[in-house]
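Please read the structure below before turning to the comments.
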Amino acid sequence: MRRWVSAEGHEVDSVVIEGRCLLRVRHLGYHVGFCATVEEVAAHVDLADLVEVVDLRRPGRRRARR
């Protein structure tokens, strides 16, 4: 799953609803809308402010116990 966030509290992630791939936009945890295109997302948030969240954990590796 890919996810983008902004310093202003916007969060954009991809979801599948009824077989359709959409972009879900939230602001400070509140639902703003589902968007079919990047242009629709740009109506809610400045795209230049978004950064992608990357999970650096390796799949299948367990956390070391202390």
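For this chain, numbers begin at 1 and follow the sequence in order.
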Donor-acceptor pairs are to be reported for all side-chain atoms of residues 17-28 against protein atoms at under 3.5 Å, with residues two or more places apart or in another chain.
unit_1 : atom_1 : unit_2 : atom_2 : d
Arg24  : NE     : Asp13  : OD1    : 3.1
Arg24  : NH2    : Asp13  : OD2    : 2.6
Arg26  : NH2    : Glu11  : OE2    : 3.2
His27  : NE2    : Glu8   : O      : 3.0

>> Walk me through whether Val15 and Phe34 qualify under side-chain contact (heavy atoms from CB on, under 4.5 Å).
In response: CA-CA 9 Å; Val15 295; Phe34 292 108; 4.0 Å; yes
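Here the straight-line distance linking atom CZ of Arg2 with atom CG of Asp55 works out to 13.0 Å at 0.5 Å rounding.
Hydrophobic clustering, with ILVMFWY side chains joined whenever heavy atoms are under 4.5 angstrom apart, keeps Trp4 apart from Val53.
Salt-bridge formation is not detected for the pair Arg3/Glu52: no Lys NZ or Arg NE/NH1/NH2 atom is positioned less than 4.0 Å from an Asp or Glu carboxylate oxygen.
Counting only heavy atoms from C-beta outward, the side chains of Val5 and Leu50 never approach each other to under 4.5 Å.
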